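Predicted model, so just to flag it, every value in this text is computed and none were measured.
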Amino acid sequence: METHEEKIDELRGQIDEIDRQLIELFERRMDVAREIGAVKREHNLGIRNERREMEVKANCRAYCRNDLYRDYAQSMMKCVMGACRGIQHADAPDYDDPWQYAYKNLDVAKELGLK
């Protein structure tokens with residue numbers, strides 16, 4: 001019979017694998033965001049697109065099948081979008097601090113203790 005410690009270890013192993021997959025997807029998203037940043041710089045466009053951010057948040061809520069998780073998923077996406085805004089500046093000549101772009105004027109900055 002499996003002990004509670006063994007069950008927790010097994011579940012944590014599942015979490016570790018999920019985390020590995022999440023980071024792989026996160027890196028792919030950051031790569032694409034960086035490419036978008038290059039296009040925006042080339043065409044003198046601003047990094048922040050509030051309409052697109054609202055669309056991403058709405059999509060996030062729609063993709064989430066479990067109602068209990070929707071707010072958490074949206075909060076996670078706010079963090080991801082902040083990181084993507086930051087990385088879009090990565091190739092700019094004056095890039096020095098990704099956090100100054102990532103969470104500027106967002107309530108997520110307060111959530112993360114950045115404000």
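Taking NE2 of His4 as the reference point, atom CG of Leu11 lies at 12.5 Å (rounded to 0.5 Å). Between the CG atom of Leu25 and the CZ atom of Arg29 there is a distance of 10.5 Å, given to the nearest 0.5 Å. Atoms CD and CG, on Glu6 and Asp9 in that order, are 8.0 Å from each other to the nearest 0.5 Å. Atom CZ of residue Phe26 and atom SG of residue Cys84 lie 6.5 Å apart, to the nearest 0.5 angstrom. To the nearest 0.5 angstrom, Arg85 atom CZ is 10.5 Å from Asn49 atom CG.
A salt bridge links Arg48 with Glu53: the closest approach of a Lys/Arg side-chain nitrogen to an acidic carboxylate oxygen falls below 4.0 angstrom.
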Please list, one pair per line, the donor and acceptor atoms closer than 3.5 Å that link side chains of residues 30-42 to other protein atoms, with sequence neighbours excluded.
{"unit_1": "Arg34", "atom_1": "NE", "unit_2": "Asp91", "atom_2": "OD1", "d": "3.4"}
{"unit_1": "Arg34", "atom_1": "NE", "unit_2": "Asp91", "atom_2": "OD2", "d": "3.0"}
{"unit_1": "Arg34", "atom_1": "NH2", "unit_2": "Asp91", "atom_2": "OD1", "d": "2.6"}
{"unit_1": "Lys40", "atom_1": "NZ", "unit_2": "Ile47", "atom_2": "O", "d": "2.6"}
{"unit_1": "Lys40", "atom_1": "NZ", "unit_2": "Gln88", "atom_2": "OE1", "d": "3.2"}
{"unit_1": "Arg41", "atom_1": "NH1", "unit_2": "Gly37", "atom_2": "O", "d": "3.3"}
{"unit_1": "Arg41", "atom_1": "NH1", "unit_2": "Gln88", "atom_2": "O", "d": "2.6"}

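In terms of the side-chain hydrogen bond (donor to acceptor under 3.5 Å, both in side chains) criterion, residue partners of Glu5 (sequence neighbours excluded) are, by chain and number, Thr3. By the side-chain contact (heavy atoms from CB on, under 4.5 Å) test, Tyr72 is found to be paired with no residue, residues two or more places apart in sequence or in another chain being considered. In this structure Asp67 satisfies the salt bridge (charged side-chain N to carboxylate O under 4.0 Å, His left out) test together with Arg70, sequence neighbours excluded. Not counting sequence neighbours, the partners of Glu10 by the salt bridge (charged side-chain N to carboxylate O under 4.0 Å, His left out) test are Lys7. Residues that satisfy the side-chain hydrogen bond (donor to acceptor under 3.5 Å, both in side chains) test with Arg51, not counting sequence neighbours, are Glu55. Residues that satisfy the side-chain contact (heavy atoms from CB on, under 4.5 Å) test with Ala73, not counting sequence neighbours, are Cys60, Cys64. Residues meeting the salt bridge (charged side-chain N to carboxylate O under 4.0 Å, His left out) test with Arg61, sequence neighbours left out: Asp71.
Hydrophobic cluster of Leu22: the remaining members, joined at side-chain heavy-atom separations below 4.5 Å, are Ile18, listed by chain and number.
Listed by first and then second residue, the side chain to side chain donor-acceptor pair (under 3.5 Å) pairs involving residues 16-26 are Glu17-Arg20, Glu17-Gln21, Arg20-Glu24 (not counting sequence neighbours).
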